[in-house]
Enquirer: 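Have a look at this one before I ask anything.
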Amino acid sequence: MTAVEGPAALSWRDLARIGLERLDSANPRRVSALAELGVEHVGDLLTYYPRRYLDRSREAVVGELQVGEDAMVLATVETVRAAAGRTRRARVEVRVSDREGVPLRCVFFNQPWRAKQLRPEMQAVLYGRLDVYRGALQMTNPVVDLVGNRTGGIFAVYPLSAKAAIGTWEIADMVAEALRRCERRGIADPVPAGLLAEHRLCGRSEALRLIHNPESSADARRARKRLVFDELLRMQVVLIRRKRERQRACEGIAHEPDRELLERFERRLPFELTAAQSRTVEEILTDLSEPWPMHRLLQGEVGSGKTVVALMAMLAVVCGGRQAALMAPTEVLAEQHYLELSELLRELDGAGSGLGAGAGRLGLGGLPPVSLELLTGRIRAKARERILTGLATGDVHMVVGTHALISEGVAFDSLGLAVVDEQHRFGVEQRAALGARGASGGLPDVLVMTATPIPRTAAMTVYGDLDVSRLDELPTGRAGVTTAAVTESLQQPAVWERLRTEVAAGRQAYVVCPLIEESDKVEAAGAEATYEELRAGELAGLRVGLLHGRLPASAREPLMASFRRGELDVLVATTVIEVGVDVANATVMVILGADRFGIAQLHQLRGRVGRGSQPGWCFLVSENPSPLAQSRLQALVDSSDGFELSEIDLDLRGEGTIMDSRQTGRSDLKLASLRRDRDWVPKARRAAEAIVAGDGPGPALADEIELLLSDADVDYFDKS
Ligand code: ADP
Ligand code: MG
């Protein structure tokens with residue numbers, strides 16, 4: 001290491017100790033406005049990154065624009081008028097002129113605050129499409145940046161809330177001062193120089209200077225790349241360190257799966273495992289035999305055959321004398337899993353014994369019977385008592401249930417494996433609680449199953465401390481689904497014709513109503529209207545049921561049951577059918593207002609048909625002509641691979657679909673985007689792996705991680 005002259009370069013912690021009021025450019029209004037934006041100290045300020053850059057060389061003047069063209073115009077506000085309007089929509093009309101004095105009208109709908117934000121003589125940059133309305137040039141709902149009287153080639157535009165009492169140019173002033181005053185000591189760079197060289201990344205000081213004051217867009221990209229790498233690297237170091245620590249610190253159970261028994265089980269299955277299933281089972285068995293607790297995520301879309309994989313893991317544990325639990329997010333799903341497991345076990349048991357009344361003891365090809373129980377809130381007190389006793393004594397080997405499994409009074413004799421279905425709905429604490437149930441001798445292994453395929457980079461980030469198995473292959477022998485995007489009303493009759501043909505052939509259909517996010521109530525009303533309309537029109541004469549979220553469970557279940565029994569031809573429903581509906585005889589899925597659903601959700605819905613031996617049909621009905629909507633629907637027409645679709649979704653919509661705002665908001669990922677930076681995620685992961693496997697992150701990087709990734713953030717990412 002070279003000796004450093006004078007005081008050491010400023011670390012992140014140093015910067016976090018310098019209050020904003022120490023800047024000459026600060027004043028109480030600015031400081032409190034920044035506090036509202038979450039900027040408390042100089043460290044925050046330097047990482048309050050521009051939302052975008054304004055490149056003055058791209059500035060247009062109205063006189064040279066074509067109607068229909070997208071443009072950026074620097075303009076001076078002339079008049080502002082808020083029109084109450086006859087309709088309910090708030091409308092603010094702003095007249096501006098560009099630097100040549102050419103007038104332009106801007107109309108803002110549903111943004112009443114614009115009337116307060118924009119004042120005569122203000123300089124504003126408008127981004128929007130030029131159109132003509134009643135002979136005058138106009139932009140409707142342009143994006144607006146208030147920039148003050150700034151000059152120069154490229155300048156940063158900072159994200160502001162509508163109410164923030166600070167201008168973007170004021171932030172720029174303060175950032176410039178902060179950067180200037182850091183120059184003497186310099187800003188420390190905790191990332192090893194070799195790593196930076198390997199990835200051709202610039203130094204941190206330079207990156208911070210350029211991200212705020214680039215001279216070209218290439219500068220801004222270079223700066224961003226470096227800062228993105230830092231964010232991803234910190235995150236990955238945390239995730240990988242956690243994974244290793246857990247392996248080292250926690251005592252697990254080194255199961256000894258009985259291979260011969262599992263092979264016998266496999267041979268007696270009515271189908272052959274897919275290659276993906278075999279690979280996954282192998283991965284799990286290897287984990288089970290390790291002395292540390294498994295934390296594995298099993299990803300596989302609906303129908304990919306997760307249940308049998310889970311059951312094989314459970315059997316491996318149970319035959320070694322431990323217990324296994326499967327926890328589902330809802331009672332319906334728990335019951336469904338219970339039935340599926342019973343069924344699979346019964347196959348092995350030969351014809352005779354099956355699910356007996358009560359205990360459900362199941363034989364396993366000559367071995368002592370495996371006892372499987374269901375524990376949900378619906379189980380009556382007496383049965384519950386019996387199951388609880390069985391769990392405590394070890395007489396019950398496998399249990400399927402809901403939250404009831406982790407409620408007061410549930411104790412296992414020796415829980416060896418917890419399988420958790422759909423991690424999204426379970427909090428960290430709940431999973432920990434189930435883990436803690438394995439009282440004697442080591443923490444149980446945990447397998448999390450999810451039906452939502454997510455892109456690789458997202459899996460690395462969101463579940464970076466879990467091992468991930470992917471069931472990326474559907475069992476064969478399925479007739480598959482033909483998907484069509486129906487975007488013109490002329491094509492719609494063909495949809496209903498197909499539906500009626502299928503029903504005439506004895507099959508069933510779903511019609512999904514448009515998604516209405518406003519409220520359950522509005523959605524239910526919409527569904528009711530659709531139902532009435534269809535029953536009187538396209539579906540006249542068919543036996544049609546209506547299912548929506550406002551129906552009480554007491555009405556919902558009989559309805560589902562009669563659909564299952566084939567007493568209804570068509571089920572008109574809201575997305576409540578997403579959860580736990582499995583009717584093999586259903587072959588048609590019509591999704592109305594399909595453009596309102598996300599790709600993942602459409603794919604999930606589509607998975608409800610074509611699961612049996614009969615080919616399925618999925619119609620995505622939408623009258624939304626927007627290119628984005630169209631390309632999403634087209635993606636579903638083109639691909640039936642959930643993983644591939646998740647990548648496309650990421651491309652089209654960004655990570656909002658994967659990481660909700662709360663999650664990204666709380667994290668250290670300010671710049672990094674799983675979409676834009678997808679190549680950088682694995683690079684950062686590899687670098688982090690090397691760091692953790694080597695001498696560790698070093699004190700500077702370690703300190704920064706501790707500071708920037710608070711426990712709360714990390715826990716959120718730590719899905720286990
Ligand atoms: P998932 O839980 O992933 O949605 P399931 O495990 O419920 O899927 O499996 C869906 C259906 O496919 C079940 O009826 C199951 O018995 C069947 N199945 C599972 N694996 C195979 C396979 N390898 N070949 C044929 N059918 C399979
Ligand atoms: Mg299943």
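Just so you know, these numbers use all the heavy atoms, side chains as well, and skip hydrogens, waters and symmetry mates. Order of listing sets the numbers, starting from 1, for every ligand and every atom in it. Small disclaimer: the values here were computed from a predicted structure and weren't measured.
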Enquirer: Under 4.0 Å from a heavy atom of Leu273: give me the atoms of ligand 1 that qualify, with their elements.
Expert: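 Those atoms are 23 (N).
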Enquirer: Kindly give the heavy-atom pair with the smallest separation between Ala313 and Leu288, and that separation in Å.
Expert: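 That would be O-CD1, 4.0 Å.
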Enquirer: Within the structure, does Gly305 bring an N/O atom to less than 3.5 angstrom of an N/O atom in ligand 1?
Expert: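 Yes, at least one N or O pair falls under 3.5 Å.
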Enquirer: Go through ligand 1 atom by atom and flag the ones less than 4.0 Å from a non-hydrogen atom of Thr274.
Expert: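 Numbered from 1, ligand 1 contributes 23 (N).
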Enquirer: Answer side chain, backbone, both or neither: which part of Thr307 comes under 4.0 Å from ligand 1, heavy atoms only.
Expert: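 Within the 4.0 Å criterion, Thr307 contacts ligand 1 through backbone and side-chain atoms alike.
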Enquirer: Can you sort out the partners of Val544 under side chain to side chain contact (heavy atoms under 4.5 Å, CB included), two or more places apart, ordered by chain and number?
Expert: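 For Val544 the side chain to side chain contact (heavy atoms under 4.5 Å, CB included) partners, ignoring immediate neighbours, are Tyr531, Arg535, Leu539, Leu542, Val570, Val572.
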Enquirer: Does Asp569 use its side chain to pair, donor to acceptor, with the backbone of Gln508 at less than 3.5 Å?
Expert: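 No, Asp569 side chain to Gln508 backbone: no donor-acceptor pair under 3.5 Å.
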Enquirer: Could you tell me whether Gly303 and ligand 1 have an N or O pair separated by under 3.5 Å?
Expert: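 Gly303 vs ligand 1: N/O contact under 3.5 Å present.
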Enquirer: Looking at residues at least two apart in the chain, or sitting in another chain, which of them share a side-chain hydrogen bond (donor to acceptor under 3.5 Å, both in side chains) with Asp287?
Expert: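 With sequence neighbours excluded, Asp287 shows a side-chain hydrogen bond (donor to acceptor under 3.5 Å, both in side chains) to Arg296, given in chain and number order.
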Enquirer: Under a heavy-atom criterion of less than 4.0 Å, does Met449 contact ligand 1?
Expert: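 It does not, in that no heavy atom of Met449 comes within the 4.0 Å cut-off of ligand 1.
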Enquirer: Evaluating non-hydrogen atoms only, which member of Glu272, His337, Lys306, Gln277 is closest to atom 3 (O) of ligand 1?
Expert: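 It is Lys306 that holds the nearest heavy atom.
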Enquirer: Output yes when a side-chain donor or acceptor of Arg606 lies under 3.5 Å from a complementary backbone atom of Leu636, and no otherwise.
Expert: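 It does hold such a pair.
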Enquirer: Check whether Gln630 reaches the backbone of Ala485 with its side chain - one donor and one acceptor, N or O, closer than 3.5 Å.
Expert: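 Checked: no pair found.
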Enquirer: Taking non-hydrogen atoms only, is Glu340 closer than 4.0 angstrom to ligand 1 via side chain, backbone, both or neither?
Expert: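 Within the 4.0 Å criterion, Glu340 contacts ligand 1 through side-chain atoms alone.
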